[in-house]
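Protein chains get the first letters and strands the later ones, always in sequence-line order, with residue 1 at the start of each.
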Amino acid sequence: QQQVKQSPQSLIVQKGGISIINCAYENTAFDYFPWYQQFPGKGPALLIAIRPDVSEKKEGRFTISFNKSAKQFSLHIMDSQPGDSATYFCAASGGRALTFGSGTRLQVQP
Amino acid sequence: DTAVSQTPKYLVTQMGNDKSIKCEQNLGHDTMYWYKQDSKKFLKIMFSYNNKELIINETVPNRFSPKSPDKAHLNLHINSLELGDSAVYFCASSQVTSGGQGEQFFGPGTRLTVL
């Protein structure tokens with residue numbers, strides 16, 4: 001049972017464009033929603049995270065939009081750069097462990 | 001000054017062997033985790049320890065046995081390795097605060113290949 005569904009599986013964006021990755025969750029007990037970035041051969045690294053008491057959080061070029069009633073959240077990468085090319089994972093937690101989405105492979109073309 | 005370190009980085013072994021992966025964190029965190037990332041990049045929690053106590057034990061074959069000698073270390077021992085155990089194993093740590101879940105810091109991963 002996949003508790004966090006992520007789409008799309010892969011995404012190709014031109015440099016300077018906006019990358020958008022969407023996630024939906026089922027468990028209403030989740031109260032922490034991070035996004036992780038993973039480069040090949042490396043461990044996931046926290047990019048940005050949000051809690052359900054706010055609908056949006058922005059850090060630099062990265063923004064999380066959160067819709068509690070729809071049980072959905074998304075990552076927007078503005079002015080996408082080739083260095084942003086990586087796999088992105090959404091996740092959710094209601095306690096200790098993270099439940100991850102299936103990942104989105106982002107390619108930003110120069 | 002690596003935050004979460006794992007050894008070895010690569011592990012190639014034959015079916016049926018027993019192997020261990022070691023993890024250490026120098027962040028002073030009270031909670032450590034093992035995650036498995038399969039060939040399709042899917043990440044799934046296996047175990048979690050808080051102050052040396054096992055708090056999460058997902059549906060994992062009992063051939064996998066975690067051990068936490070102290071708060072800074074969490075090792076993973078795997079008996080009778082099978083082909084399906086081939087994956088990348090990530091250790092992570094976090095500090096739970098009054099505000100809830102803290103950021104989880106991941107190690108660089110151990111790529112296990114079972115032949």
**Request:** Evaluate the criterion side-chain contact (heavy atoms from CB on, under 4.5 Å) for residue pair B/K41 and A/R105; output intermediate values, then yes/no.
**Result:** CA-CA 10 Å; B/K41 297 257 186 220; A/R105 185 177 176 188; over 6 Å; no
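Clustering ILVMFWY residues whenever any of their side-chain heavy atoms sit less than 4.5 angstrom apart, transitively, puts A/L11 in the very cluster that holds A/I64. One hydrophobic cluster, built from ILVMFWY side chains closer than 4.5 Å, cannot hold both A/Y25 and A/I20; they sit in different ones. B/I55 is connected to B/Y33 through a chain of hydrophobic side-chain contacts under 4.5 Å among Ile, Leu, Val, Met, Phe, Trp and Tyr, so both are in one cluster. Neither B/F105 nor B/W34 shares a network with the other; the hydrophobic side chains, linked directly or stepwise wherever heavy atoms of I, L, V, M, F, W or Y lie under 4.5 Å apart, form separate groups for each. Cluster membership check: B/L76 shares its hydrophobic cluster with B/M32, using side-chain heavy-atom separations under 4.5 Å among Ile, Leu, Val, Met, Phe, Trp and Tyr.
In this structure, chain B has heavy atoms under 4.5 Å from both the backbone and the side chain of A/P44. In this structure, chain A has heavy atoms under 4.5 Å from both the backbone and the side chain of B/L43.
Once rounded to the nearest 0.5 Å, the distance linking CZ of A/F89 with CD of B/Q37 reads 5.0 Å.
Near-neighbour residues of residues 106-115 of chain B relative to chain A, defined by a heavy atom under 4.5 Å from a heavy atom of that chain, comprise B/F106, B/G107, B/P108. Contacts between residues 4-15 of chain B and chain A, defined by a heavy-atom separation under 4.5 Å, are made by B/K9.
Counting non-hydrogen atoms of other residues, nucleotides and ligands closer than 6.0 Å to CD of A/Q81 gives a total above 12.
In this structure, B/Y35 contributes its side chain and A/L98 its backbone to a donor-acceptor pair below 3.5 Å.
The shortest non-hydrogen separation linking B/F90 to A/Q38 is CZ-NE2, 3.3 Å.
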